[in-house]
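Counting starts at 1 for both ligands and their atoms, following the listed order. If you're wondering where the values come from, they're calculated on a predicted model, not measured in any experiment.
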Amino acid sequence: MIEAHVSTRDVQQFEGDALAVGVFADEAHLQGPAAALDEALAGVIAELVASGEVTGAADEVTLLHTLGKIEPTRVAIIGLGARGKFSVDRVRRSASLACRALRDAGAHEVGLALAWAESGVNLASAARAATEGALLGLYEFKRYKTQRDDKPQRAIAAITILGRGREPALRSAVQRGRILAESANFARDLGNEPPNTLTPTELGERARAMAAEVGLDCDIHGKDWIREQQMGALLGVNQGSVEEPRFIVLRYNGAGANTPALALVGKGITFDSGGLSLKTHEGMLEMKMDMCGAAAVIGAMRALALLKPAVNVVGIAPATENMPSGSAYRPGDILRAANGKTIEINNTDAEGRLALADALSYAVKQGYTPIVDAATLTGAIGIALGNHRAGLFSNNSDFAHAVEQAALTSGERVWAMPMDDDYDRLIRSEIADIKQSGGRLAGSISAAKVLSQFVGDTPWAHLDIAGTAIRSARDAEGEGGATGYGVRLFTELAMQFAGRKGE
Ligand code: BES
Ligand code: ZN
Ligand code: ZN
């Protein structure tokens, strides 16, 4: 566990072994911490700027050794881009880049002074984002390395946010950032865990252990309970697998019993082979991460238990594998979901919407409102929006706006997608209430249309996170693998609902 501190002292007085300062692009004169550090280092930073080696371009990282001039032995100069474009998101990303570069250089205690005072961003928000960026950036999944093949003993033990502000406010911002980042990293561990260990049973056990640790109510339901609930869609997906399904329910009660609970629902396919509509070899490679929606829900519930807002939230994750076998569900089958609706199966690889159909029906039946789900639902959303934004679908514009607001505040971006009635015909069936899948055109929208059949009039939003939950390879944002997308957004959304009263 990495410690996170604050200090309101000057950069020159920082006593750790490494410092990161920010430099804006196209500015002749250094300002703030960069200027103070430059003075202590006899003008070397200004020299680098003058020579054009340091330009301040966004994402630029320059490492210096201080050769005994000051206590820290290493300095990272981080390009912040244009001052006019500076944002809390830029702080988060810069902190991540700085910490990773300094870790690789052998640093243990890093001070971050990224020019927030000079830039007009809110200091507490910046401190929180810097903490998030640092801890998210330093995340690694090394559980299965019996020998480390990189440089040994490279690990950062503590970060310190250096800023001139009210210390208690800074401290609580850093604490909040730490809870969010650690909860996202908890979700990333679930996503990165291989599918032979992270079975639906194991996902349930991990949720149970976390719930006991932070003090959440928890029910991990098995197959008999799922049968009693008549969750025929989830059972259909599960029937080809030798692994039992689980229906995970976590409850956080921060408000009175009369206050309706916000429901967070997440797709928990622990491995998606496609079933009888088998995926290609390439298509299957990252499908251990098809439970990242569930991981986002479980991670957000962890964060809420620690942040303790005055709101009631229920986290729901239907978990199963999707496998081909002699007992697998088939194209042509008709399944009946828990709300009684029948679904004509036409592609067993569109399994996520089936698991969610039963989970959403359950949330509605329990009276939870509003409902938001996250699912690695369609490859098509990655084609449409890439890795930067999740697709947002909703039946309620007020709630959609609340989700967009939470996305802005948390830095986990969304983009609103259309849900016009015209798309309904894509999932029309001749012989059942709906068809499971609407084909290639508008694939993410028809998938959302299927989900909408199971929420009725309850305000609902769906996040298709197939593009954002999985990072194919290490890049400027962090390690390859599960990103933890959704933990921060979900938590922020729940915090927005804090204090609301029963209707
Ligand atoms: N889990 C996949 C979607 C996915 C693809 C997630 C790539 C992450 C990366 C989902 O179950 C799926 O297979 N969807 C199909 C839907 C189709 C059969 C209608 C898809 O996207 O091709
Ligand atoms: Zn699938
Ligand atoms: Zn899937």
### Message
Going by side-chain hydrogen bond (donor to acceptor under 3.5 Å, both in side chains), Trp460 matches just one of Asp373, Asn395, Thr369. Which one?
### Response
Asp373
### Query
Between Glu132 and Arg92, is the closest basic N to carboxylate O distance under 4.0 Å?
yes
### Message
Rounding to 10°, state the angle centred on the Zn ion (ligand 2) that links O in Asp349 with OE1 in Glu351.
### Response
70°
### Minimum heavy-atom distance Asp59-Ala476, with the two atoms named
OD2-CB, 4.2 Å
### Query
Does an N or O anywhere in Glu351 fall below 3.5 Å from an N or O of ligand 1?
yes
## Note on the structure
Among Asn347, Ile381, Asp272, closest by heavy atom to atom 17 (C) of ligand 1 is Asn347
### Task
Check Leu377 against ligand 1 and report side chain, backbone, both or neither, counting heavy atoms closer than 4.0 Å.
backbone
### Query
Which residue owns the protein heavy atom closest to atom 12 (C) of ligand 1, what's the atom, and how far is it?
Asp349 O, 3.2 Å
### Task
Can you establish whether the number of heavy atoms outside Trp415 located under 6.0 Å from its atom CH2 is more than 12?
no
#### Entry: Name of the residue among Arg188, Arg143, Lys288 meeting side-chain hydrogen bond (donor to acceptor under 3.5 Å, both in side chains) with Glu193
Arg143
### Summary
ligand 1 atoms nearer than 4.0 angstrom to some heavy atom of Ala466 are 6 (C), 8 (C)
### Task
State whether the side chain of Lys449 and the backbone N or O of Met419 hold a donor-acceptor pair below 3.5 Å, judged by distance alone.
yes
### Which residue and heavy atom of the protein sit nearest atom 21 (O) of ligand 1, plus the separation
Gly379 N, 2.8 Å
### Task
State which residue, out of Asn238, Thr199, Asp272, fulfils the side-chain hydrogen bond (donor to acceptor under 3.5 Å, both in side chains) condition with Thr320.
Asn238
### Message
Which residue and atom name correspond to the protein heavy atom nearest atom 19 (C) of ligand 1, and how close is it?
### Response
Ser437 OG, 3.6 Å
### Message
Report the atom name of the nearest N/O/S atom of Asp290 relative to the Zn ion (ligand 3).
### Response
OD2
### Task
Could you go through the salt bridge (Lys or Arg N to Asp or Glu O under 4.0 Å) check for Arg471 and Glu479 one step at a time?
CA-CA 8 Å; Arg471 194 180 289 125; Glu479 293 298 301; over 6 Å; no
### Query
Does at least one non-hydrogen atom of Lys267 fall below 4.0 angstrom from an atom of ligand 1?
yes
### Task
Kindly give the atom name of the N, O or S atom of Asp272 closest to the Zn ion (ligand 3).
OD2
### Query
Are any non-hydrogen side-chain atoms of Tyr329 and Ile345 less than 4.5 angstrom apart?
yes
### Message
Counting non-hydrogen protein atoms only, what is the nearest one to atom 16 (C) of ligand 1? Give residue, atom name and distance.
### Response
Arg353 NH2, 3.8 Å
### Message
Are there over 12 heavy-atom neighbours, none belonging to Arg413, within less than 6.0 Å of that residue's CZ?
### Response
yes
### Query
Any non-hydrogen protein atom below 4.0 Å of atom 14 (N) of ligand 1?
yes
### Query
Could a heavy atom of Lys279 be found less than 4.0 Å from some atom of ligand 1?
yes
### Query
What protein heavy atom is closest to atom 7 (C) of ligand 1, reported as residue, atom name and distance in Å?
Met287 CE, 3.7 Å
### Query
Hey, is the Zn ion (ligand 3) within less than 2.8 Å of some N/O/S atom on Gly352?
no
